[in-house]
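Structure first, then comments.
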Protein chains: 2
Amino acid sequence: MNVTLRQLRVFTGVYRTRSITRAARELGITQSAASLLIQQLEAQLGVKLFDRSTRSVQPTLAAGEAFAAAERMLSDAQGLSRRMRDLAQARAGRVVFLASAGTASALLPMVLAKFRASHPDIEIDMRDVAADDLVPRLSTTDAEFAIGSAEGEFADMTIETLTSGRLSAIGRRTADFAARRSLTWDELAQLPTIAMRSETRIRMQIDQALSAQGKRLDPTYEVTLINTALAMTAQGLGLAILPATMLPADQFSTLIARPLVRPALTRPVSLLQRQGRTLSPAAQAFVATARMVLAGRTAQASG
Amino acid sequence: MNVTLRQLRVFTGVYRTRSITRAARELGITQSAASLLIQQLEAQLGVKLFDRSTRSVQPTLAAGEAFAAAERMLSDAQGLSRRMRDLAQARAGRVVFLASAGTASALLPMVLAKFRASHPDIEIDMRDVAADDLVPRLSTTDAEFAIGSAEGEFADMTIETLTSGRLSAIGRRTADFAARRSLTWDELAQLPTIAMRSETRIRMQIDQALSAQGKRLDPTYEVTLINTALAMTAQGLGLAILPATMLPADQFSTLIARPLVRPALTRPVSLLQRQGRTLSPAAQAFVATARMVLAGRTAQASG
DNA sequence: GACATTCATAGCAAAAGCTCATGAATTGAT
DNA sequence: ATCAATTCATGAGCTTTTGCTATGAATGTC
């Protein structure tokens with residue numbers, strides 16, 4: 001057999017109180033059990049730890065040394081328990097995840113804000129990544145999950161759609177524009193438009209879908225960052241061609257989105273997880289927040 | 001129940017090997033036992049530690065954190081065991097003891113030398129103390145035992161005589177002196193003598209014994225340190241009046257001791273221990289060495 | 001000298017731990 | 001595609017450990 005923490009607990013108790021009886025009481029066991037545990041410990045260490053008579057319990061020199069080590073181990077044990085409990089309750093920890101660039105800039109800030117409010121001590125490591133890299137990176141890095149637009153099936157991956165936004169024209173709330181329920185892609189040809197560069201995923205999806213119908217988007221401006229497009233739109237330079245989800249209502253209160261139809265295109269925002277891997281409690285909490293916030297957002301956008 | 005080292009041992013094994021089966025083999029238990037222990041640990045910490053399928057055992061993030069703590073505790077446990085074993089075998093440790101000034105300077109150096117040869121890693125803390133302080137200091141300080149001349153009975157003290165020396169005249173090995181078997185105290189009156197100061201214990205014993213017989217020692221020189229007396233004797237300044245045991249043969253090869261008689265006085269060198277207190281293994285080893293060396297010395301002095 | 005306190009030990013009951021046997025899932029080979 | 005092999009989980013049964021109660025021995029107190 002080997003030394004046990006139980007023995008050490010009794011040992012430190014006896015060392016401190018100089019009494020087996022008192023230590024036993026502290027630990028909620030009987031004196032005889034404590035006595036036995038001390039004897040076991042002595043036997044296992046091969047050292048006399050206490051000079052005991054019926055009247056006194058004097059620690060030996062060896063006990064003094066052992067005490068320090070024992071205390072350390074016990075406090076480590078307690079620290080471990082506490083730390084794990086904190087992790088379990090998502091009161092501590094770290095969430096490492098991937099986000100596609102668009103999601104990271106437009107959608108996740110509000111999730112982050114909400115999450116930080118409810119879980120102030122959790123460290124967040126959001127890594128923004130090109131949409132194409134989402135899946136490969138998730139398999140190889142230590143990120144626990146990924147949020148972004150990924151479609152299709154992937155081996156060893158779970159995909160769950162958190163929200164999806166219809167491809168929309170985003171413009172200033174003018175009487176004209178606000179009156180529209182939707183716009184067709186064809187109508188856009190007449191108007192100044194701001195779209196994402198053709199290297200971006202959003203744009204590729206648009207171009208593919210349109211060309212399948214023999215159509216083509218000919219934007220007035222092409223930009224890389226979603227925020228740039230929105231800022232330009234707010235300045236009245238044109239309509240931004242983006243999923244409705246990408247419009248942060250709180251940041252651009254003057255802008256509204258109107259779905260584009262013929263064809264109607266939707267762009268999902270998905271949660272990717274590695275199959276068979278449990279998320280850390282902190283990550284679970286974060287994902288829950290994301291689901292909540294984004295679900296709310298879908299309702300908003302559609303209403 | 002609480003976390004046990006047993007669980008942690010299995011845990012670290014599984015963490016390292018990424019396999020319950022392999023870890024179980026390493027620890028010499030069955031796979032099912034290991035599986036159970038991991039489940040227990042998870043339950044107690046409230047955290048999932050491994051994502052297990054029949055094919056793989058992947059540590060979670062929490063496991064990574066727990067691993068560090070677990071390893072530390074286990075290595076502490078091992079360190080504790082090893083350290084205690086070393087202490088038990090007197091391969092490590094520290095001996096704290098008291099020695100009366102005379103013993104410390106004349107008798108113990110050779111004990112120390114011998115002990116150091118056989119137990120090189122044991123630290124020695126010898127505290128020299130006035131003979132009167134021997135007993136009071138032993139009760140109050142952390143010294144484990146004391147060596148010196150103490151006579152009588154003391155509460156809670158064990159006294160064991162290690163050796164005893166007859167009060168002798170110590171002088172240079174001249175033909176005259178060497179021829180003598182002994183000297184009487186009366187004869188000393190005619191000769192130049194070097195004695196300890198009257199505050200010292202040795203001197204007090206002498207004065208007391210002689211005055212009981214209506215005699216009196218009238219030394220030519222009085223000194224405080226035994227070594228001084230011997231050095232003076234070696235210079236031919238007179239005969240040193242000391243217990244024969246106080247003559248270190250190796251240091252003063254020119255000197256010899258001849259017992260004083262009428263009355264013949266002996267001065268014990270004793271080992272004092274606190275009753276009911278176990279000596280540390282290191283101290284036991286030291287005491288054993290002292291017994292051996294000093295017993296040998298008695299034989300030498302008497303032969 | 002009676003009393004109270006404290007540690008040790010023995011007997012017994014309860015709990016925990018381990019092994020064996022078996023089942024389910026998954027991988028790799030034929 | 002089926003079969004064999006590997007791996008983890010689970011349940012039954014046995015062994016060991018643990019803890020409690022009761023009692024004894026020693027020691028200090030009034």
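Within every chain, numbering begins at 1; the chains are lettered A, B, ... in the order of the sequence lines, protein sequences first and strands thereafter. Below, each value reflects all heavy atoms present in this structure, side chains not excepted, and no hydrogens, waters or symmetry copies.
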Beyond-backbone contact of A/Leu5 with B/Asn2, side-chain heavy atoms, under 4.5 angstrom = no
task = Enter the distance from A/Leu98:CG to A/Asp142:CG here, rounded to the nearest 0.5 Å.
result = 9.0 Å
inquiry  = On DNA chain D, compare the nucleotides closest to A/Ala33 and B/Thr21; which residue's is nearer the 5' end?
reply    = B/Thr21
Less than 4.0 angstrom between a side-chain N/O of [X] and OP1 or OP2 of [N], yes or no?
| X | N | result |
| --- | --- | --- |
| B/Arg6 | C/dC18 | yes |
| B/Gln39 | D/dT10 | yes |
| B/Gln40 | C/dA16 | no |
| B/Ser19 | D/dC8 | yes |
| A/Thr30 | D/dG19 | no |

Atom-to-atom span, [atom1] of [X] to [atom2] of [N] - whole angstrom:
| X | N | atom1 | atom2 | result |
| --- | --- | --- | --- | --- |
| B/Ile20 | D/dT10 | CD1 | C1' | 13 Å |
| A/Arg25 | C/dT5 | CZ | P | 10 Å |
| A/Asn2 | D/dT16 | CG | C1' | 16 Å |
| A/Glu42 | C/dA8 | CD | C1' | 12 Å |
| B/Leu36 | D/dT10 | CG | P | 9 Å |
| B/Ile38 | D/dT7 | CD1 | P | 16 Å |
| B/Gln7 | C/dC18 | CD | C1' | 14 Å |
| B/Arg22 | D/dT6 | CZ | P | 12 Å |

request  = State whether the distance check finds a donor on one side and an acceptor on the other, under 3.5 Å, for side chain B/Gln31 versus base D/dA9.
outcome  = yes
request  = Return yes if the base of C/dC20 and the side-chain atoms of B/Ser32 contain a donor-acceptor N/O pair under 3.5 Å, otherwise no.
outcome  = yes
inquiry  = Any base atoms under 4.0 Å from B/Ser56, or only sugar-phosphate, or nothing? Heavy atoms, all strands.
reply    = nothing
query = For A/Gly276, which contact category applies under a 4.0 Å heavy-atom criterion: base, sugar-phosphate, or nothing?
reply = nothing
Which nucleotide in [options] has an atom nearest any side-chain atom of [X]:
| X | options | result |
| --- | --- | --- |
| B/Ile29 | C/dT19, C/dC7, D/dC20 | C/dT19 |
| A/Thr54 | D/dA9, C/dT9, D/dT27 | D/dT27 |
| B/Arg52 | D/dC8, D/dG19, C/dC7 | D/dC8 |
| A/Ser35 | C/dT19, C/dA8, D/dT7 | C/dA8 |

task = Go through the side-chain N and O atoms of A/Gln44 and A/Gln7 and say whether any donor and acceptor fall under 3.5 Å apart.
result = yes
message = Against B/Ile147, only a single residue in B/Leu134, B/Thr103, B/Leu272 fulfils side-chain contact (heavy atoms from CB on, under 4.5 Å); can you say which?
response = B/Thr103
request  = Evaluate the side-chain hydrogen bond (donor to acceptor under 3.5 Å, both in side chains) criterion for residues A/Gln284 and A/Ser280: first the C-alpha distance (whole Å), next the side-chain angles of each, then the deciding distance (0.1 Å), finally the verdict.
outcome  = CA-CA 6 Å; A/Gln284 284 176 28; A/Ser280 70; over 6 Å; no
Face-on cation placement of A/Arg18 at A/Tyr15 ring, 6.0 Å and 45° thresholds = yes
